[in-house]
Amino acid sequence: MILILTPNIEPESHVYQLLTTHLSRLPDIELRIHREQGLEQMLTEIHLIGNTSAIPTEDMKDLPGVERVVRVSEEYRILGRHRDDHRSSHFNYQGLQFGQDTLHIFAGLCAVDTAEYVELMMRALRDNGQVCTRMGAYKPRTSPYSFQGHGKDCLPYVFELAGKYGIKVIAMEVTHESHIDEIHRALRLTGEPTGVMLQIGTRNTQNFELLKFVGRQKDFPVLLKRGFGITLSESLNAAEYLASEGNSKVVFGLRGVKTKLGDPHRNSLDFAHVSVVKRLTRMPVCVDPSHSVGSRSRGPEGILDIMHATAQGGIAGANMVLVDFHPDPNRALVDGPQALLLEELPHFLEDVEIARKAFEKRTAALARYASELQTVAA
Ligand code: PEP
Ligand code: MN
């Protein structure tokens, strides 16, 4: 059960003290407080954990300082959708809004290799009106002998170049909690020229200690990739780990699942789950066509499979696209074969726009048919 308090309630206030004293006396119920500073107001939720079925909703509604009560199901308590749950599904970061009705494109390098390539990438993004990117500094590799990423050494120039080209948010994978400190330090050192969305990769979806650590910090939003060999529900529970520790600024990333049945693609595309994740949770949903498809193969009409995959996500209402580009894929140290070229960026962006427009048209068509049916029924 979640009690949504009146906005801007101060923890020191008499009302708040009265309320929490009363709640702490409820037998076998644990309280977890979630406080979120929104753009205009401070929102506070008190989560009652335990057997709340015997607690009448009306009693809770009448308590001082309580604006609304949401009875949550067991699953995905914080990030899930529940009956009569009108909580916002948006969060703001670096002046950008992320929600189930927005769309952001994070095109960039799978792995940072040289400052020159980072600059070429960022310049191309700026020239094409983009303010987000992806840059891998810490790379989880199958072989211990493969390039592991430049780690903290590349962060200062990545952040400075981002600032120079007006990039506001960089999606960057972290594989250990110490990486977050390193990111903080490099951002401070360079004067906070940009922002970072921490990425938890598919190999770490169920690294619960990492999830808890990342969930306990609220400075950076998180992109959690779906685990490639676990069920969707298990991956959604992993996202809930982040939120249960305090950080509910979470984007859920679909990136294909590992099964030989997806051959010749690197993974089996799961973008039909865009609407499933949006229905079950309030998280914005990201699609990663690069790691799903894994090559530059084309359909007979000439369109890249990666662009077909992106369009499938876009036409289903995806809220974020994470995609690999590289100025010179033959020289890329990681995932060159799936990288798109900088010259392909304008076409890629136009293609995403076409898919997004198609999604909007589909939604409008549904609304029209629904209202016609209502008129007929009346
Ligand atoms: C990546 O985005 O660089 C990556 C390694 O993705 P995934 O965790 O989905 O394999
Ligand atoms: Mn990669």
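Atoms within each ligand, like the ligands themselves, are counted from 1 in listed order. Below, all heavy atoms of this structure are taken into account, side chains as well, without hydrogens, waters or symmetry copies.
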Q. Is Leu198 close to Ile183 at the side-chain level, that is, under 4.5 Å between some pair of heavy atoms?
A. yes
Q.
Parallel, tilted or perpendicular: which one describes the rings of Phe220 and His184, with boundaries at 30° and 60°?
A. tilted
(Q) Please verify the inter-ring angle class for Phe98 with His104; under 30° counts as parallel, over 60° as perpendicular, anything in between as tilted. (A)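 Plane angle between 30° and 60°, so tilted.
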Q. Would one find more than 12 heavy atoms of other residues, nucleotides or ligands at under 6.0 Å from atom CD of Glu40?
A.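 No - once you tally the heavy atoms of other residues, nucleotides and ligands closer than 6.0 Å, there are 12 at most.
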(Q) More than 12 heavy atoms of other residues, nucleotides or ligands under 6.0 Å from NZ of Lys218: yes or no? (A)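 Correct, the count exceeds 12.
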Q: Taking only heavy atoms of the protein into account, state which residues are under 4.0 angstrom from an atom of ligand 1, in chain and number order.
A: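 Residue list for ligand 1: Cys110, Arg134, Lys139, Glu173, Gln199, Gly201, Thr202, Arg203, Lys225, Arg255, Asp288, His291.
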Q.
So if I apply the salt bridge (Lys or Arg N to Asp or Glu O under 4.0 Å) rule between Asp288 and each of Arg226, Lys225, Arg266, which one comes out positive?
A. Lys225
**Q.** Polar side-chain atom of Gln217 near backbone of Asp219 as donor-acceptor pair, under 3.5 Å
**A.** yes
Q.
How long is the straight-line distance from SG of Cys286 back to CZ of Phe106, given to the nearest 0.5 Å?
A. 8.0 Å
Q.
As an exercise, state the distance from CE of Met283 to OH of Tyr76, rounded to the nearest 0.5 Å.
A.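 If we round to the nearest 0.5 Å, Met283:CE and Tyr76:OH are 8.5 Å apart.
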Q) In total, how many protein N/O/S atoms does one find closer than 2.8 Å to the Mn ion (ligand 2)? A)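 Number of qualifying protein atoms: 3.
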